[in-house]
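As structure tokens, the structure follows; a few thoughts come after it.
In what follows, chains are A, B, ... by sequence order, proteins preceding strands, each numbered from 1.
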2 protein chains.
Amino acid sequence: MAEQRNTRQRRAVKGVLDQLEGFHSAQEIHEFLRDSGEQIGLSTVYRNLVSLADANEVDALRNDEGETLYRRCSSGHHHHHLVCRTCGKTVEVDGPAAEQWAESIASAHGFKNVSHTFEIFGTCEQCQR
Amino acid sequence: MAEQRNTRQRRAVKGVLDQLEGFHSAQEIHEFLRDSGEQIGLSTVYRNLVSLADANEVDALRNDEGETLYRRCSSGHHHHHLVCRTCGKTVEVDGPAAEQWAESIASAHGFKNVSHTFEIFGTCEQCQR
DNA sequence: CTGAATGCAAACCTTTTGCATGCGC
DNA sequence: GCGCATGCAAAAGGTTTGCATTCAG
């Protein structure tokens with residue numbers, strides 16, 4: 001489906017996602033790239049992040065402030081996250097129990113087309129100091 | 001903490017929240033009030049919703065589009081929601097299992113100050129037709 | 001009367017888009 | 001060379017804020 005050209009900018013965006021540990025906003029990623037001397041427009045960062053997310057090459061989630069955060073997706077399958085509020089460090093969480101719970105609740109109430117948001121935010125060990 | 005004046009507008013906002021079934025955006029609530037003949041500014045709706053949310057008198061959550069949705073909180077205790085994407089109808093869900101799951105995951109990774117977002121979105125029976 | 005709440009418009013923030021230019025293929 | 005990707009600036013949404021005015025207490 002996604003026939004993407006291998007541009008310098010796209011490579012750069014993917015590169016940052018490999019380097020950065022956790023979830024980060026598009027603006028942070030843009031800033032990081034600019035600081036690294038990479039010349040790239042903010043809209044290009046957005047466009048690439050959106051297309052990467054569509055292609056399931058990165059995870060996207062929304063934080064409490066309504067920003068969209070992105071992170072390179074290590075495993076292809078569905079999972080959730082434990083995210084540090086301070087540094088963005090992320091632990092990937094597999095929650096079959098939670099999945100089933102959501103599914104059964106939804107169908108018990110006759111809901112179809114169900115999606116869910118399960119994200120856990122906290123302060124990681126390092127950032128507690 | 002919150003010493004709020006009992007203005008006509010604040011009463012109106014609370015009134016709508018009592019009437020409306022599920023989660024609705026500030027804009028929807030504003031529109032609803034205007035349609036009901038109530039004269040009220042959009043900013044006032046926002047200000048009241050924010051203060052009500054701060055006072056824990058209403059629930060607030062963000063949908064996938066990044067809008068903030070509000071709903072009168074029926075029970076004081078912690079719970080989650082099953083929300084219809086189309087009509088906003090909401091089912092309150094009690095998920096002790098999910099709570100514990102989140103808690104144990106977080107502490108297993110040394111995270112403190114944990115909060116979580118568990119929301120289920122779907123299409124309710126009525127809106128499927 | 002006094003200061004908090006309101007209303008309006010303008011500001012803000014993140015994200016998206018239109019359009020001319022540039023570059024991967 | 002063709003057409004998608006880029007860059008910029010401007011637009012679009014949702015939400016917040018500055019400031020003069022209104023009104024609850």
Could you check how far CD of A/E65 sits from P of D/dT16, rounded to whole Å?
11 Å

Could you state the CD-C1' distance from B/E67 to D/dT16, rounded to the nearest angstrom?
16 Å

Identify the residue among B/L49, B/L42, B/V13, B/D35 that makes a side-chain contact (heavy atoms from CB on, under 4.5 Å) with B/H30.
B/L42

Figure out the OH/P separation between A/Y70 and C/dT14, and round it to whole Å.
13 Å

So which one's nearest nucleotide on DNA chain D is more toward 5', A/Q9 or B/L42?
A/Q9

Flag the pair A/E57 and A/R72 as a salt bridge only when some basic side-chain nitrogen lies within less than 4.0 angstrom of an acidic carboxylate oxygen.
yes

Is the side chain of A/R8 donor-acceptor paired with the backbone N or O of A/Q39 at a distance under 3.5 Å, no angle test?
yes

Taking C-beta and beyond as the side chain, do A/D59 and A/H81 meet within less than 4.5 Å on heavy atoms?
yes

Considering only heavy atoms from C-beta outward, does the side chain of A/E119 approach that of B/H116 to under 4.5 Å?
no

Side-chain donor-acceptor contact under 3.5 Å, A/Q27 with A/Y46
yes

Closest to the A/Y46 side chain, choosing from C/dA9, C/dT16, C/dT6
C/dT16

What is the distance, rounded to the nearest whole Å, between atom CD of B/E31 and atom P of D/dG14?
11 Å

If only atom types and distance count, is the side chain of A/T44 paired as donor or acceptor with the main-chain N or O of A/I40 below 3.5 Å?
no

Just to confirm, is there a sub-4.0 Å distance from OP1 or OP2 of D/dG7 to any side-chain nitrogen or oxygen of A/Q39?
no

A/R62 CZ to C/dT15 C1': how many Å, rounded?
9 Å

Could you tell me whether the side chain of A/T7 and the main chain of A/R10 form a donor-acceptor pair under 3.5 Å?
yes

Taking the minimum atom-to-atom distance to the side chain of A/S43, which one of D/dA9, C/dG7, D/dT15 wins?
D/dA9

For the helix from C/dC1-D/dG25 to C/dC25-D/dG1, what angle lies between the axis at the first five pairs and the axis at the last five pairs, to 10 degrees?
30°

Give the B/S/- string for nucleotides 19-25 of chain C, one per nucleotide from 5' to 3', where a protein heavy atom under 4.0 Å of the base yields B, of only the sugar-phosphate yields S, and otherwise -.
----BBS

Tell me the interatomic distance from A/Q27, atom CD, to C/dT16, atom C1', rounded to whole angstroms.
13 Å

B/N48 CG - D/dT17 P separation (whole Å):
15 Å

Integer-rounded Å distance: C/dT14 P and A/N63 CG
10 Å

Is the ring pair A/W101/B/H80 parallel, tilted or perpendicular, if the boundaries are 30 and 60 degrees?
perpendicular

Identify whether any heavy atom of A/S25 sits under 4.0 Å from a base atom; if not, whether one sits that close to sugar-phosphate; answer base, sugar-phosphate or nothing.
nothing

